[in-house]
Amino acid sequence: MKTIVKTLLVCAICFNSSIISAQVNDYLNSEKARISEANSIELEINDFVKDNFNNYILSQEITDDLIQHLRSEEEFTDAELKIAIENAKVVELRKLFFIQNPDKKDSFFAKPLPVEIQQDCINGDFEDGTAGYTFWSDAHPQPATGDAFFLSCATPTELSATNMVTPAVNNMNATVTLIDSTSPGYQQYDPTLAGLGVNIPTLFTSGGGNKCIKLNNEQGMGSSDQTTVSRYFPNINQSTIDFNFSLIMDNKPAHGQPIQPFFRIRVKDQFNNIVDEVCIIANPDNCLFNVIYVSSNRRVLYTDWICARLNVGEILNQPGTIEFTVSDCQPSAHFGTVYIDNICGTVCASPKLGALNTNPTNINCPDLTASTPIQVCGTYQPPANATLNSITLNITQNGTVVGTMNAPTLLSSSTFCFTVAPSLFGADPSGNFEFLINANFNVVCPAGTFIYTISDNSANVGPDVSFNDCCQPILTLTSPADDVTNLAAVTVKLKERSNWIKATNIVAVGDNVLLNGVVYHAENFVELNPGFEALLGAQFVAYPEGCSASYSFRNDTPSTAVIEPTKMEETVKLIRIVRDFAIVPNPSSTTIEIIMKDSKFRKVSIATIDGKIVDERNLEETYKTQIDVSRYANGIYIINVTSDDGRIYTKKLIKN
């Protein structure tokens with residue numbers, strides 16, 4: 001009998017494994033079909049750009065801003081400026097393509113894993129291509145003026161309706177490329193470094209795989225590309241996400257650190273809050289980098305393949321998204337590029353960048369009268385060859401520091417604990433608070449001691465400590481003032497009282513993600529009176545728990561919700577050239593630009609409405625020219641253009 005039971009159990013395990021394997025294969029095949037469709041659309045985009053390149057120009061305002069910005073930050077030649085303007089127009093035409101073909105967008109967004117395999121690390125090593133990953137790239141050829149643009153590691157990036165891209169294969173000039181040693185064009189070593197006499201493999205050789213991803217190219221010049229790869233995990237089932245990368249960055253000594261290329265890795269929770277983040281700025285003083293001195297005005301910084309770690313314990317068994325972003329220098333002439341592999345399913349025994357993790361702390365209404373301290377503890381691992389300098393704790397509310405502890409109460413070689421007195425929250429605290437831990441490490445580098453900082457912005461998803469409705473006796477909730485959705489702020493959707501709650505409000509659905517529900521606690525009863533309604537799809541529970549400060553939404557139904565990336569619409573900064581030539585701007589009070597559509601012209605004449613010639617000039621054959629009309633009297637003028645084939649085209653100009 002025991003033999004029969006064992007046999008049935010083994011059969012059941014094998015059967016279940018075969019089902020999961022089939023689901024994985026179905027998912028990968030679906031993703032491969034999506035990626036193939038995206039590649040076909042890329043060919044359509046290339047044709048669209050070619051067909052329309054001469055039909056549009058950048059708006060004059062954008063062109064002027066571009067030229068002014070580039071020349072103020074870099075030593076750009078006229079030829080390089082021309083390339084920068086052409087690249088900017090390609091970006092705008094790409095936007096225009098997606099605006100005209102909105103149905104083409106979906107093929108660029110990775111599809112979520114099925115619920116049955118959502119905890120498995122599928123294609124973490126890119127051996128199945130780019131299945132499961134979404135890519136986008138922002139070019140910043142016309143940034144805002146002033147220092148406000150130069151945000152370095154804080155520079156935002158967001159998937160939009162028109163900035164998504166699909167990787168090329170072994171194309172080092174592409175914004176994103178899939179490195180594949182089994183495909184044509186594979187290069188064993190990074191070509192830029194190889195040209196400088198250094199051989200760094202394009203693949204993580206210790207991993208034994210044939211593929212990885214490369215973000216950004218080594219071109220720069222007019223477009224400070226900032227490129228991102230994103231991976232959504234329906235269920236984070238490990239406390240760390242370890243990965244491998246190799247980083248190469250151009251570095252101009254004359255630039256300050258805030259505008260150098262950077263590489264940023266971060267994990268976000270289901271509410272788009274940053275759980276953990278690492279950002280590396282091109283800095284020759286940081287001995288993470290090897291330095292090649294190319295000239296007095298240029299250095300190339302690079303790493304070998306590095307193992308690194310992000311701590312995600314606070315969102316264990318919850319959804320999360322990991323983003324890798326690399327940026328050129330923000331004035332745009334100096335590149336930043338990175339090779340990435342093994343995003344999940346690997347273990348980094350010694351993360352070179354170190355690690356810091358605060359133990360989950362979710363406390364509602366701590367006892368202030370008894371002065372009971374709060375223990376904030378965690379673990380840390382120093383970066384390679386580093387020693388701990390200091391660990392500090394800040395209590396923050398809405399980003400403002402309200403209390404500080406400059407040293408832990410307990411500290412070992414790998415752990416720390418702060419004993420936080422309630423007085424650090426203020427005399428009469430209310431609202432939500434977070435614990436921010438900063439660990440500073442000393443790294444002895446050839447240039448001197450380099451300070452490396454690792455931060456953990458919060459101990460868990462949601463507030464670390466709350467002072468909201470701290471156990472008042474009763475609460476009455478009425479509609480519409482107290483209506484609430486699953487996505488409402490914590491202070492609105494989580495309520496508790498020491499006696500009772502009576503509700504006649506409406507609970508609506510924001511989404512169906514597990515743990516997003518509305519929770520009411522009361523010691524004696526929660527009374528749902530006529531008028532109370534939980535709409536279809538809403539998640540609402542009430543527990544007789546009083547002021548337990550434990551807001552758990554207990555639901556045994558697995559979540560099937562998918563967090564779709566935000567797809568922001570964009571404005572296309574182009575002017576269409578209609579018919580034979582365009583006058584930009586028209587009307588004008590100062591300067592106009594005359595642009596031919598399909599050919600060049602060699603003569604321009606401007607006459608008043610009654611035929612009096614006010615300007616006439618012969619030109620070398622060109623497709624555009626600028627004319628100062630500020631001295632003209634206000635009114636209507638006739639512009640005649642003679643093309644290179646002798647044809648004459650006429651348009652009206654309004655001078656105001």
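The chain is numbered in sequence order, starting from 1.
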Any side-chain heavy-atom pair from [X] and [Y] closer than 4.5 angstrom?
| X | Y | result |
| --- | --- | --- |
| T485 | V509 | no |
| F233 | C344 | yes |
| D250 | C329 | no |
| S246 | V338 | no |
| K495 | H521 | no |
| N438 | L436 | yes |
| N357 | Y380 | no |
| L310 | T240 | no |

Just how far is it from atom [atom1] of [X] to atom [atom2] of [Y], taken to the nearest 0.5 Å?
| X | Y | atom1 | atom2 | value |
| --- | --- | --- | --- | --- |
| K95 | E92 | NZ | CD | 4.0 Å |
| S455 | D276 | OG | CG | 9.5 Å |
| T205 | D341 | OG1 | CG | 10.5 Å |
| I340 | I179 | CD1 | CD1 | 11.5 Å |

Under a 3.5 Å distance rule, please check whether [X] uses its side chain to pair with a backbone N or O of [Y] as donor and acceptor.
| X | Y | value |
| --- | --- | --- |
| N163 | E158 | yes |
| Y133 | N123 | yes |
| N460 | T361 | yes |
| N342 | T346 | no |
| N101 | F97 | yes |
| D456 | T358 | yes |
| S230 | E323 | no |

Who are the salt bridge (charged side-chain N to carboxylate O under 4.0 Å, His left out) partners of [X], not counting sequence neighbours?
| X | answer |
| --- | --- |
| D128 | K32 |
| K111 | none |
| E37 | none |
| R94 | E42 |

[X] and [Y]: side-chain donor and acceptor closer than 3.5 Å?
| X | Y | result |
| --- | --- | --- |
| T175 | N217 | no |
| S458 | E434 | yes |
| S183 | N170 | no |
| N398 | T400 | no |

Report task. Could you note down all residue pairs passing side chain to side chain donor-acceptor pair (under 3.5 Å) where residues 301-311 supplies at least one of them, sequence neighbours left out? Result ->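 Residue pairs passing side chain to side chain donor-acceptor pair (under 3.5 Å), neighbours aside: D242-R309.
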Query raised in the report: Is the distance between the ring centroids of F204 and F245 less than 6.0 Å?
Result: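 Here the rings of F245 and F204 have centres that are no less than 6.0 Å from each other.
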Got a sec, which residues hit side-chain hydrogen bond (donor to acceptor under 3.5 Å, both in side chains) with [X], two or more places apart in sequence or on another chain?
| X | result |
| --- | --- |
| S107 | none |
| E314 | none |
| Q397 | none |
| S181 | N210 |

Query raised in the report: Can you say whether the rings of F540 and Y520 are parallel (under 30°), tilted (30 to 60°) or perpendicular (over 60°)?
Result: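 Perpendicular, since the angle between the ring planes exceeds 60°.
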Query - Salt bridge present between R34 and E31 (N-O < 4.0 angstrom) - result: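 Between E31 and R34 there is a salt bridge, with a charged N closer than 4.0 Å to a carboxylate O.
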**Report entry** K104 and E44 ion-paired at < 4.0 Å
**Finding:**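 Yes.
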Report task. Could you name each residue pair satisfying ring-ring contact (aromatic ring centres under 6.0 Å, His included) that touches residues 307-328, not counting sequence neighbours? Result -> F243-F324
Query raised in the report: Which atom pair, heavy atoms only, marks the closest approach of Q226 to F262?
Result: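 The answer is OE1-CZ, 3.4 Å.
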Query - Atom of I99, atom of P102 and distance for their closest heavy-atom approach - result: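 Closest heavy-atom pair between I99 and P102: O-CD, 3.6 Å.
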Report task. Report yes or no: is the cationic atom of K214 (NZ for Lys, CZ for Arg) under 6.0 Å from the centre of the six-membered ring of Y339, at an angle within 45° of the ring normal? Result -> yes
Query raised in the report: For the side chain to side chain contact (heavy atoms under 4.5 Å, CB included) test, which of V165, T166, T134 pairs with F108?
Result: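 Testing F108 for a side chain to side chain contact (heavy atoms under 4.5 Å, CB included) against V165, T166, T134 leaves exactly one candidate, T166.
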**Report entry** Qualifying residues under ring pair (Phe, Tyr, Trp, His ring centres under 6.0 Å), relative to Y452, sequence neighbours excluded
**Finding:** none
Requested in this report: For F135, check ring pair (Phe, Tyr, Trp, His ring centres under 6.0 Å) against everything at least two apart and list the hits.
Outcome: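 F135 satisfies ring pair (Phe, Tyr, Trp, His ring centres under 6.0 Å) with no other residue.
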**Report entry** Matching residue for N216 among D225, T325, T337, T227 - test: side-chain hydrogen bond (donor to acceptor under 3.5 Å, both in side chains)
**Finding:**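 Single side-chain hydrogen bond (donor to acceptor under 3.5 Å, both in side chains) partner of N216 among D225, T325, T337, T227: T227.
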